[in-house]
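Computation of the quantities below employed the complete heavy-atom set of this structure, encompassing side-chain atoms and omitting hydrogens, waters and symmetry-equivalent molecules.
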Amino acid sequence: MTFTRRAVVQGLGIGMSLPLMPRARGQAADLRTRVIPKSEEALPLVGLGTWITFNVGDDPVLMDECAAVIAAFFEGGGRMIDSSPMYGSSQPTIGYGLRKLGHPKRLFSAEKVWISDPGDGAAQIEASKEYWGVEKFDLMQVHNLVSWEEHLPALFDMKAAGRLRYVGITTSEGRRHREIEQVMATRPIDFVQVTYNILDREAEERILPLAQEKGIAVIVNRPFRQGDLIRQVEDEPLPAWLAETGARSWAQFLLKFIISHPAVTCAIPATTRVDHVRENLEAARGILPDEKLRRRMAAYVEAL
């Protein structure tokens, strides 16, 4: 018998005994982690993205739904939440959820500076801190390399002064990879964020090996192609050898492919649903595929 993500969700709704039920508090220690190379700090392999999903305006029902996702994320052992000023109302939505939870100590806050005038970067970062309700961010990234030549020195100064912990850069959908490589090779950044999934594997060619060479942590965005990849495969049969991957659903299969790459520090799927955030976190438990199995997984999806 095989399960699609849709079938799993329906099963949860009628009380079937499936492996995606909530875990009790205190049982998050088995979530797999990978260290940040520059510090050896460990991060869970699955985080939480907020692009589109947390852009809910001031709708109280939708804000509470997002707060429930954040609560389930922390209960399940998650740490990294990633956002950007580009993401509409996602920042105040995060702040709302964190306030309801009393600002969990385990939070790893990953934000971005996204403004073309470098002189306005500091003000934008301060506004982001107010939205989140944090004293400082763990990670500040230059979003999509906007004015990175000017923003990076300012961020390095903030790090030296103890006003943030890590500095990074981002891109998505395979854009500006050569420039990303240039920054990775010549600047002392701690993190790089790129798109990488079972079908979009350009990052394997240069970016992931360079990250390993330079000791740069890697955050993976668009692991499901903004949901399109899930919709593409969810009605297809899961492989008979699914158990070999450690996955129990398509979402976990796709995430395990990503996080099993040794250069990847954290993948950040976005969701508005508690059942999905729990399902995603389960991908960071149990078996991780080896290189031979990863090749088999990729070939299986490519052939669908």
Side-chain angles (χ1 to χ4, degrees), residues 26-49 73-83 103-113 125 132 134-142 152-171 180-181 183-194 196 203-204 206-221 223 246 255-269 280-291 294:
Q27 291 185 322
D30 58 343
L31 204 68
R32 283 183 173 268
T33 62
R34 194 161 286 142
V35 299
I36 301 167
K38 296 288 177 65
S39 70
E40 296 297 308
E41 177 183 1
L43 284 177
L45 284 167
V46 174
L48 180 64
F73 175 70
F74 283 116
E75 182 179 346
R79 287 194 64 198
M80 179 188 287
I81 299 179
D82 177 89
S83 193
H103 291 276
K105 300 295 185 184
R106 63 181 296 109
L107 170 67
F108 186 98
S109 53
E111 251 299 343
K112 305 180 185 79
V113 57
I125 292 170
W132 281 62
V134 297
E135 292 185 8
K136 68 179 182 181
F137 287 109
D138 292 294
L139 167 63
M140 183 59 61
Q141 307 154 95
V142 181
L152 277 184
L155 296 185
F156 290 137
D157 287 345
M158 289 181 65
K159 178 183 174 181
R163 292 187 286 134
L164 61 87
R165 301 177 62 218
Y166 301 102
V167 175
I169 56 173
T170 83
T171 188
I180 286 282
E181 291 173 27
V183 179
M184 293 172 67
T186 61
R187 302 295 193 277
I189 59 171
D190 306 301
F191 278 82
V192 62
Q193 181 177 147
V194 294
Y196 176 58
E204 290 179 349
R206 282 289 303 144
I207 289 176
L208 298 184
L210 185 57
Q212 290 179 292
E213 176 187 332
K214 294 290 185 178
I216 299 171
V218 177
I219 302 171
V220 170
N221 59 41
L255 281 173
K256 278 183 177 288
F257 175 84
I258 295 167
I259 63 177
S260 60
H261 193 292
V264 171
T265 309
C266 184
I268 49 170
N280 293 341
L281 285 170
E282 285 295 321
R285 293 188 167 93
I287 300 168
L288 287 183
D290 61 17
E291 184 56 34
R294 294 180 78 254

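The heavy-atom pair separating I287 from G246 by the smallest distance is CB-CA, 3.9 Å. When all heavy atoms of G47 and C266 are compared, the closest pair comes out as N-SG, 3.3 Å. Contact between R106 and G78 at its shortest, heavy atoms only, is NE-O, 2.8 Å. Nearest heavy atom pair, residue G77 against residue P44, reads O-CG, 3.4 Å. Closest approach of L288 and A283 over heavy atoms only: CD2-O, 4.2 Å. Taking every heavy atom of both residues into account, S260 and R294 meet most closely at OG-NE, 2.8 Å.
The distance from the CD1 atom of I189 to the CD1 atom of I216 is 4.0 Å, given to the nearest 0.5 Å. Between the CD atom of E181 and the CZ atom of R206 there is a distance of 5.0 Å, given to the nearest 0.5 Å. Within the model, atoms CG of L155 and CD1 of I125 stand 5.0 Å from one another, a figure rounded to the nearest 0.5 Å. Note that the CG atom of D82 and the OG1 atom of T170 stand 8.0 Å from one another [nearest 0.5 Å]. One finds the CZ atom of F156 at 10.0 Å from the CG atom of L164 (value rounded to the nearest 0.5 Å). With rounding to the nearest 0.5 angstrom, the CG atom of L45 is 8.0 Å from the CZ atom of R32.
Listed for the T171 side chain is no donor-acceptor partner under 3.5 Å among the backbone atoms of V194. In this structure, the side chain of K256 does not engage the main chain of P289 through any donor-acceptor pair within 3.5 Å.
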Can L152 and V183 be said to form a side-chain contact (heavy atoms from CB on, under 4.5 Å), step by step? CA-CA 10 Å; L152 277 184; V183 179; 3.8 Å; yes

Checking side-chain contact (heavy atoms from CB on, under 4.5 Å) for the pair I81/F74: CA distance, chi angles, key distance, verdict? CA-CA 10 Å; I81 299 179; F74 283 116; 4.0 Å; yes

I'd like to know whether R285 forms a side-chain contact (heavy atoms from CB on, under 4.5 Å) with L31, so could you lay out the CA-CA distance, the side-chain angles of the two residues, the decisive distance to 0.1 Å, and finally the verdict. CA-CA 5 Å; R285 293 188 167 93; L31 204 68; 3.6 Å; yes

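Screening I268, I169, V220 against Q193 for a side-chain contact (heavy atoms from CB on, under 4.5 Å) leaves a single residue, I268.
Judged as a salt bridge (charged side-chain N to carboxylate O under 4.0 Å, His left out), the pairs with a partner in residues 35-49 (not counting sequence neighbours) are, in order, E41-R79, E41-R165.
Considering only heavy atoms from C-beta on, L210 stays 4.5 Å or farther from V192 through its side chain. Side-chain contact between D190 and L139 is absent, with no heavy-atom pair separated by less than 4.5 Å. I219 places a side-chain heavy atom less than 4.5 Å from the side chain of M80. Side-chain atoms of Y196 and I207, non-hydrogen and from C-beta on, never get closer than 4.5 Å to each other.
By the side chain to side chain contact (heavy atoms under 4.5 Å, CB included) test, P269 is found to be paired with V46, P223, F224, L255, A267, N280, residues two or more places apart in sequence or in another chain being considered. For A263, the side chain to side chain contact (heavy atoms under 4.5 Å, CB included) partners at least two apart in sequence or on another chain are L208, Q212, H261. For S109, the side-chain hydrogen bond (donor to acceptor under 3.5 Å, both in side chains) partners two or more places apart in sequence, or in a different chain, are D138. Looking at residues two or more places apart in sequence or on another chain, you find a ring-ring contact (aromatic ring centres under 6.0 Å, His included) between Y166 and F108, F191. With sequence neighbours left out, the side chain to side chain contact (heavy atoms under 4.5 Å, CB included) criterion links D157 to no other residue.
Other residues, nucleotides and ligands contribute more than 12 heavy atoms inside 6.0 Å of the CD atom of E291.
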